[in-house]
Amino acid sequence: MRPAKPVLVVIAHGSRDPRHAATVHALVRRVRSLRPGLRVETGFLDFDTPSVSGVLESLAAEGVRDVVALPLLLTRAFHAKADIPAVLREAPPRLRIRQAEVLGPSPLLLSALERRLYEAGLTPADKSSTGVVLASAGSSDPEAIAVIAEIAREWRHTGWCAVRPAFASASLPRTEDAVRELRALGCKRVAVAPYVLAPGFLPDRIARGAAEADADVLADVLGPAPEVARVLLERYDAARGTSLAPAVDRVRPRRGRSRTSPRPLSMPTAWSLP
């Protein structure tokens with residue numbers, strides 16, 4: 001008999017906005033549809049239920065042994081480095097937990113961004129005359145900000161007139177400022193592509209900035225795009241290998257030192273889809 005596949009536990013941030021949880025659940029349903037037979041559970045860090053700890057305790061009570069915990073995050077910032085490892089360290093000791101990498105960067109996510117832009121009215125023929133604002137939630141973590149900036153630079157090479165990063169919080173520029181910059185560069189039209197997974201307070205701020213600066217196109221959030229679901233499964237598959245994702249260390253780290261911080265991500269050198 002083959003050993004049971006590890007349960008995939010998707011860890012979402014949570015929000016007071018009910019659209020957030022609804023979008024997360026829609027994405028998880030798509031993941032299940034792509035991988036029949038894989039058990040996928042969802043836990044939230046805050047605001048929504050079930051909590052991550054509650055999901056892990058329930059799995060342990062059922063006799064589950066192996067879990068892959070997947071942060072539903074686009075960058076490796078504070079939640080992935082600190083909050084999630086801290087929650088996982090408190091899980092029932094019978095569980096063997098592997099923390100998967102965050103979703104970004106990935107060429108599939110760029111494909112999802114372009115899908116949303118085309119759904120909002122653009123066509124591939126518009127690329128050379130359209131400037132794009134890559135609008136993310138923002139972070140105080142310099143690594144996360146650097147990754148967003150690098151994604152914008154790489155995306156520019158796929159044919160857009162120009163691509164500029166923007167941030168809804170913590171960092172600058174804001175969406176409206178990036179839209180105006182692209183106008184000043186002479187782009188015929190300007191589109192805003194939210195690099196966020198689900199609706200909520202910060203995505204709404206991105207939308208307000210796009211409207212304030214009269215952006216021509218505002219794409220939807222990534223949500224349950226099929227490309228996003230495929231990234232989740234890629235991260236799950238990678239985490240199943242012991243050489244790629246060591247089990248979460250249940251020994252509390254010494255102060256000032258993290259033994260469970262995820263490995264640095266390497267930025268892909270090309271964004272072509274397989």
Side-chain angles (χ1 to χ4, degrees), residues 8 10-13 20 23-24 27-28 30-31 34 45 68-85 98-117 132-158 160 163-171 175 178 192-200 202-203 206 219-239 244-245 261-274:
L8 171 57
V10 176
I11 301 178
H13 183 277
H20 175 90
T23 302
V24 170
L27 174 59
V28 169
R30 187 176 289 274
V31 171
L34 292 176
L45 290 173
V68 169
L70 194 156
L72 198 61
L73 301 168
L74 294 171
T75 57
R76 201 177 73 90
F78 182 79
H79 290 303
K81 294 177 179 179
D83 285 350
I84 291 174
R98 303 177 186 283
Q99 182 177 335
E101 294 283 10
V102 297
L103 303 185
S106 167
L108 285 170
L109 294 178
L110 284 187
S111 181
L113 286 167
E114 295 202 357
R115 171 190 291 274
R116 294 304 189 220
L117 287 170
V132 178
V133 177
L134 180 68
S136 75
S139 174
S140 58
D141 188 307
E143 178 186 343
I145 297 304
V147 167
I148 298 298
E150 181 64 16
I151 291 171
R153 284 191 290 269
E154 295 290 340
W155 201 15
R156 164 68 180 83
H157 297 320
T158 67
W160 296 101
V163 180
R164 293 290 185 271
F167 307 95
S169 67
S171 303
T175 300
V192 174
Y195 190 59
V196 292
L197 288 166
L202 293 178
I206 290 171
D220 199 358
V221 298
L222 294 172
E227 296 87 352
V228 179
R230 286 172 59 193
V231 175
L232 264 70
L233 290 172
E234 285 186 354
R235 299 294 184 255
Y236 169 81
D237 290 338
L244 293 177
S261 295
R263 294 171 288 109
L265 295 178
S266 57
M267 172 64 66
T269 56
W271 292 99
S272 58
L273 289 171

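These numbers come from a predicted model, not from an experiment.
Between the Arg30 side chain and the Ala229 main chain, no donor and acceptor come within less than 3.5 Å of each other. Of the possible donor and acceptor atoms, none in the side chain of Glu227 sits under 3.5 Å from a partner among the backbone N and O of Leu222. A donor-acceptor pair is defined here as one N or O able to donate and one able to accept, closer than 3.5 Å; no such pair exists between the side chain of Ser136 and the backbone of Phe167.
For the residue pair Ala100 and Pro71, the shortest heavy atom distance occurs at O-CD, 3.3 Å. Between Leu27 and Gly223, the closest heavy-atom pair is CD1-O, 3.9 Å. Of all heavy-atom pairs between Asp141 and Ser139, the closest is N-OG, 2.9 Å. Heavy-atom minimum distance, Leu113 versus Pro194: CD2-O, 3.7 Å. Residue Val221 comes nearest to Arg116 through the heavy atom pair O-NE, 2.9 Å, listed as atom of the first residue, atom of the second, then distance. Among all heavy-atom pairs drawn from Thr23 and Leu197, the shortest one is CG2-O, 3.6 Å.
No side-chain heavy atom of Trp160 sits less than 4.5 Å from a side-chain heavy atom of Leu134. Contact of the Leu202 side chain with the Val196 side chain is not registered, since no non-hydrogen atoms from C-beta on lie closer than 4.5 Å. Inter-residue side-chain proximity for Val31 and Val10 is flagged as unmet; no heavy-atom pair is nearer than 4.5 Å. Between Ile11 and Leu73 there is no side-chain heavy-atom pair separated by less than 4.5 Å. The side-chain heavy atoms of Val147 and Leu74, taken from C-beta on, include no pair separated by under 4.5 Å. The side-chain heavy atoms of Glu114 and Leu110, taken from C-beta on, include no pair separated by under 4.5 Å. Within the 4.5 Å cutoff, no side-chain heavy atoms of Thr75 are placed close to those of Val102. You'll find the side chain of Leu108 stays beyond 4.5 Å of the side chain of Val228, heavy atoms only.
Looking at residues two or more places apart in sequence or on another chain, you find no salt bridge (Lys or Arg N to Asp or Glu O under 4.0 Å) involving Arg235. Asp220 pairs by the side chain to side chain donor-acceptor pair (under 3.5 Å) definition with nothing, not counting sequence neighbours.
We find the CG-CZ distance between Leu109 and Arg115 to be 12.5 Å, quoted to the nearest 0.5 Å. For the atom pair Thr175 OG1 and Arg164 CZ, the distance stands at 14.5 Å (nearest 0.5 Å).
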Task: Residue pair Glu150, Arg153: steps toward the salt bridge (charged side-chain N to carboxylate O under 4.0 Å, His left out) verdict - done: CA-CA 5 Å; Glu150 181 64 16; Arg153 284 191 290 269; 2.7 Å; yes
